[in-house]
Amino acid sequence: MGTNQYHEPAEELSTETRTFARIITSLQEECEAINWYQQRISIELDPDAKKIMAHAQEEEFLHFSMDLEFLLRRTPKWRVAAKNILFHDGDIVDNAEKGEEEEEKLD
């Protein structure tokens with residue numbers, strides 16, 4: 001079954017771009033699943049059901065992370081941006097600006 005993941009004619013896109021689009025779609029779907037589980041967990045009263053949903057959400061975290069890592073490995077500027085923002089203390093916006101400076105060096 002096809003999706004509406006392309007904004008340009010699919011047959012004109014490279015194999016790499018089509019793969020990129022598929023992984024982006026997968027990343028979006030993982031985000032959506034994480035959100036759905038978060039909402040369910042927040043209102044579930046049964047502790048066993050809540051535990052099962054939390055476990056399922058953890059699986060979605062892994063899937064999201066794998067998709068993101070795939071994209072970062074193939075998109076150098078994105079990887080530079082992520083390296084300067086993710087897992088750093090301090091102001092997120094300041095870290096982003098540092099990352100932007102490093103991205104510009106790749107041009």
Side-chain angles (χ1 to χ4, degrees):
M1 175 188 296
T3 64
N4 293 328
Q5 62 192 354
Y6 302 120
H7 292 281
E8 300 296 332
E11 63 276 0
E12 293 182 28
L13 299 174
S14 69
T15 301
E16 292 81 13
T17 297
R18 290 193 310 270
T19 297
F20 185 89
R22 286 185 200 107
I23 296 292
I24 287 285
T25 299
S26 179
L27 189 74
Q28 291 168 325
E29 291 167 352
E30 300 304 340
C31 282
E32 191 171 70
I34 290 166
N35 179 36
W36 290 346
Y37 280 117
Q38 186 64 35
Q39 292 178 43
R40 292 172 188 156
I41 292 165
S42 74
I43 63 170
E44 181 55 55
L45 300 177
D46 184 291
D48 291 332
K50 188 177 250 187
K51 184 177 178 182
I52 291 166
M53 287 182 241
H55 177 75
Q57 186 187 45
E58 290 169 14
E59 290 293 318
E60 304 304 341
F61 292 150
L62 292 172
H63 301 159
F64 175 90
S65 298
M66 290 186 297
D67 289 342
L68 180 59
E69 181 62 19
F70 179 92
L71 294 166
L72 294 175
R73 288 182 183 188
R74 285 160 177 77
T75 315
K77 283 189 171 191
W78 193 353
R79 189 166 191 85
V80 167
K83 279 185 172 182
N84 283 284
I85 297 170
L86 299 176
F87 311 111
H88 288 279
D89 293 329
D91 186 88
I92 294 170
V93 174
D94 288 343
N95 291 342
E97 289 173 358
K98 292 173 193 168
E100 198 169 35
E101 292 169 11
E102 289 188 36
E103 280 180 64
E104 290 172 1
K105 293 176 186 175
L106 294 177
D107 288 334

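In this text, all values refer to a predicted model and were calculated from it rather than measured experimentally.
- Here CG of Asp67 is found 11.0 Å from CG of Leu62. Values are rounded to the nearest 0.5 Å.
- With hydrogens and angles disregarded, no donor-acceptor distance shorter than 3.5 Å links the side chain of Ser26 to the backbone of Arg22.
- Ion pairing between a basic and an acidic side chain is recognised when a charged N comes within 4.0 Å of a carboxylate O; Glu69 and Arg79 show such pairing.
- Rounded to the nearest 0.5 angstrom, Glu12 CD and Arg18 CZ are separated by 11.0 Å.
- Rounding to the nearest 0.5 Å places OG1 of Thr25 at 10.0 Å from CZ of Phe20.
- Rounding to the nearest 0.5 Å places CZ of Phe64 at 13.0 Å from CD of Glu29.
- Residue Lys77 holds its NZ atom at 15.0 Å from CG of Leu72, rounded to the nearest 0.5 Å.
- Of all non-hydrogen atoms in Asn95 and Asp89, the two that sit nearest each other are ND2-O, 3.2 Å.
- With a 6.0 Å cutoff to the six-membered ring centre and a 45° limit on the axis angle, Arg73 does not count as a cation-pi contact of Phe70.
- Here the side chains of Glu60 and Tyr37 are in contact, with some heavy-atom distance below 4.5 Å.
- None of Gln38, Gln39, Glu44 except one satisfies the side chain to side chain contact (heavy atoms under 4.5 Å, CB included) rule with Met53; the exception is Glu44.
- Pairing each heavy atom of Leu71 with each of Ile23, the nearest pair is CG-CG2, 3.5 Å.
- What you find for Ile34 and Gln57 is that their closest heavy atoms are O-NE2, 3.1 Å.
- The heavy-atom pair separating Asp46 from Ala49 by the smallest distance is OD1-N, 2.9 Å.
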Criterion side chain to side chain contact (heavy atoms under 4.5 Å, CB included) on Trp78 and Leu68, from CA distance to verdict: CA-CA 10 Å; Trp78 193 353; Leu68 180 59; 4.0 Å; yes
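- In this structure, CD1 in Ile52 is found 11.0 Å from CD1 in Ile41, a value given to the nearest 0.5 Å.
- Atom CD1 of Ile24 has more than 12 heavy atoms from other residues, nucleotides or ligands within 6.0 Å.
- Within the 4.5 Å cutoff, the side chain of Glu30 has no heavy atoms near those of the Glu59 side chain.
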